[in-house]
Undergrad: 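Sharing a structure, written as structure tokens. Questions coming.
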Amino acid sequence: MTNLPEATQKKLGLVIDLDTCVGCHACVISCKGWNTENYGAPLSDQDPYGGAGSGTFLNRVHSYEAKPKDGPAQLVHFPKSCLHCEDAPCVTVCPTGASYKRVEDGIVLVNEDACIGCGLCAWACPYGAREMDAAEGVMKKCTLCVDRIYNENLPEVDREPTCVRTCPAGARHFGDLGDPDSDVSKLVAARGGFDLMPEMGTKPVNKYLPPRPKDQMVGEIDLLAPLLKPVAEETSGFMAWLDKTLEKI
Amino acid sequence: MHPAPSVILFSTLSGLGFGLLFWLGLGLPKASGWVAFVFFVIAYLLAVGGLLASTFHLGHPERALKAFSQWRSSWLSREGLAAVAALLVMAGFGAGLVFLDENWRILGLLGAVLSIATVFTTSMIYGQLKTVPRWNMPLTPVMFVSFSLAGGALLAGQVNWALGLLILSGIVQVAYWVLGDKALAGSGTTLATATGLGDMGSLRAFEPPHTGSNYLLREFAYVVARKHAMKLRLISLVLMAGVPVALLTLPFHHWTAVVAVLSHFTGVVVSRWLFFAEAEHVVGLYYGKR
């Protein structure tokens, strides 16, 4: 049923730290690797070795430049995947019931056997979290690695989404955002985690942590400057003659 | 939004077809026998042809029956049900007129209501989407319904109704463009709200997540030929409303009626193309696109 559940027992989701993300795209690759050979249809590529490569990904990393009024510009790497919204518009628009939000943990999933590939759910998602697979004709999206997090065949350390497991910077965190005492909820509270496009009313479960303010450069840094003084203040020899000659012309 | 030919054809053809069924259901014109047969065949070819065209863009059309199940939440599902109900009821009404010379008035009225309800559900598929501010306006269903009523009246030969409704459609169309051009800015969604980084300064999409294209860019960030939008708007308005209105004021002739219908149809196709091509999906903001 594509009606949303009144409430979910848990709100499993991700917390993404924009301060820590280094933009290496390792989460993108590990996501593609895990999800192309597990839940549902593989994530196909079209013309992967040609000039116009294109493919299905469930997680993508944008990079934005923020330029303050004064001070240097700052680069922010910005991973984006399904936010498993509480009020997920992608679920209610689905005509077949293929899209659903799970009562037990709040994960938004697609039952690919019922998906007609109409694409309306991707239209309804403001975040670009859903991509139609060009080979299979069904909608693909982040499953929060539902086939890892409960998988008792994996060592306990691996029972988290593969993007979280693989992040070398520790910029991704996984947990129950419905439990105020969980580590992720505490992290969100401590760091001022925020929603993407709150005006859309989707109530995303995933939260983003803002970049911490950078130290500001005040005056000249002169710790080593004396050692780096130019050896010759005035030009001499050929260069001095050239300089003088060019001045005259 | 990517202007998929199948969706443009679908909404134009089925809009005309259900519009004609609406007038036939009201008993305008009062036809029976062969004349009624021809009217109903045209209406069904348009409506059913449109519905078939809409399945061309599905990844798995063989599962289309499942789409009737989620009417509680999904406008797309409601559209499917309304369309089938309208076609069945009007088939019964039409059979009465054509084969039995019986005018089952209640059935016709019910069919008329269902036919125009189908067009309304189609429009709400687009009108419900907050992600496309240009569509997320009350004028979207008003435009779809007025186009359908006007086109239907034209096909049904209801000259006076057609004149009034064509002019109304033209006005609604212009209002839709004027308000639509302000819709994205008015929605309050910007790169700053999309990323939550607005406090850091002015934002710019510095590097996209992928060097090639992808589904999102192909589907949502359609920008080609938007630069001709103003010319196309004028062409659409003249063909959709201007030429048919001028022809309808002339003394009636079958040829002028045919030209009026063809002109109207072409104008609506151009309008529908613009409806998609000009629509900005907010996901484009993540890519630094409008």
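What you see below is based on every heavy atom in this structure, not just the backbone, and it leaves out hydrogens, waters and symmetry mates. Source: prediction; values computed, not measured. So you know, we letter chains A, B, ... as the sequences are listed, proteins then strands, and number each from 1.
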Undergrad: Please report the shortest heavy-atom distance between A/Pro95 and B/Ser69, naming the atom on each side.
TA: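 Distance-wise, the nearest heavy atoms are O-OG, 3.7 Å.
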Undergrad: Heavy-atom distances under 4.5 Å only: say whether B/Glu219 touches chain A with side chain, backbone, both or neither.
TA: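 Looking at B/Glu219, just its side chain touches chain A.
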Undergrad: Show me the donor-acceptor pairs, under 3.5 Å and distance only, between side chains in residues 189-197 of chain B and residues at least two apart or in other chains.
TA:
{"unit_1": "B/Thr189", "atom_1": "OG1", "unit_2": "A/Glu199", "atom_2": "OE2", "d": "2.6"}
{"unit_1": "B/Thr190", "atom_1": "OG1", "unit_2": "B/Ala192", "atom_2": "N", "d": "3.2"}
{"unit_1": "B/Thr190", "atom_1": "OG1", "unit_2": "B/Thr193", "atom_2": "N", "d": "3.3"}
{"unit_1": "B/Thr193", "atom_1": "OG1", "unit_2": "A/Glu199", "atom_2": "OE2", "d": "2.8"}
{"unit_1": "B/Thr193", "atom_1": "OG1", "unit_2": "B/Thr190", "atom_2": "N", "d": "3.2"}
{"unit_1": "B/Thr193", "atom_1": "OG1", "unit_2": "B/Thr190", "atom_2": "O", "d": "3.1"}
{"unit_1": "B/Thr195", "atom_1": "OG1", "unit_2": "B/Leu191", "atom_2": "O", "d": "2.8"}
{"unit_1": "B/Thr195", "atom_1": "OG1", "unit_2": "B/Leu197", "atom_2": "N", "d": "3.2"}

Undergrad: With the side chain counted from C-beta on, respond yes when B/Glu207 and A/Leu75 share a heavy-atom pair under 4.5 Å apart, and no when they do not.
TA: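 When only atoms from C-beta onward are counted, A/Leu75 and B/Glu207 do not touch, as no gap falls below 4.5 Å.
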Undergrad: With a 4.5 Å limit on heavy-atom distance, are the side chains of B/Leu203 and A/Lys67 in contact?
TA: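 B/Leu203 vs A/Lys67: side chains apart.
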Undergrad: How would you list, in number order, the residues of residues 31-45 of chain A that have a heavy atom less than 4.5 Å from chain B?
TA: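 When heavy atoms of chain B are the reference, residues 31-45 of chain A contributes no residue within the under-4.5 Å range.
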Undergrad: Below 4.5 Å from any heavy atom of chain A, which atoms of B/Glu62 appear? Answer side chain, backbone, both or neither.
TA: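 For B/Glu62, no heavy atom lies under 4.5 Å from chain A.
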Undergrad: Just wondering, do A/Thr92 and B/Trp75 contact through their side chains at under 4.5 Å, heavy atoms?
TA: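 A side-chain contact is absent here, since even the closest heavy-atom pair is not under 4.5 Å.
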Undergrad: Under 4.5 Å heavy-atom distance to chain B, tell me which part of A/Val76 shows up: side chain, backbone, both or neither.
TA: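 Contact with chain B involves the side chain of A/Val76 alone.
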Undergrad: Looking at A/Lys80, A/Met139, A/His77, A/Met197, which one has more heavy-atom pairs under 4.5 Å with chain B than the rest?
TA: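 If we count pairs closer than 4.5 Å to chain B, A/Met197 comes out on top.
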Undergrad: Taking only heavy atoms into account, what residues of residues 112-138 of chain A are found under 4.5 Å from chain B?
TA: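 The residues closer than 4.5 Å to chain B, in numerical order, are A/Glu112, A/Asp113, A/Ala114, A/Cys115, A/Ile116, A/Gly117, A/Cys118, A/Gly119, A/Leu120, A/Ala122, A/Trp123, A/Ala124, A/Cys125, A/Pro126, A/Tyr127, A/Gly128, A/Arg130, A/Glu131, A/Met132, A/Glu136, A/Gly137, A/Val138.
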Undergrad: Which region of B/Leu129, side chain (C-beta onward) or backbone (N, CA, C, O), has a non-hydrogen atom less than 4.5 Å from a non-hydrogen atom of chain A, or is it both or neither?
TA: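 B/Leu129 touches chain A through side-chain heavy atoms alone.
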Undergrad: Can you pull the ring pair (Phe, Tyr, Trp, His ring centres under 6.0 Å) pairs that have at least one residue in residues 181-216 of chain B, sequence neighbours excluded?
TA: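 Applying ring pair (Phe, Tyr, Trp, His ring centres under 6.0 Å) to every pair that reaches into residues 181-216 of chain B, excluding sequence neighbours, yields B/His210-B/Tyr287.
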Undergrad: Determine whether A/Ser54 and B/Arg218 make a side-chain contact, defined as any pair of heavy atoms from C-beta on separated by less than 4.5 Å.
TA: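 They are in side-chain contact.
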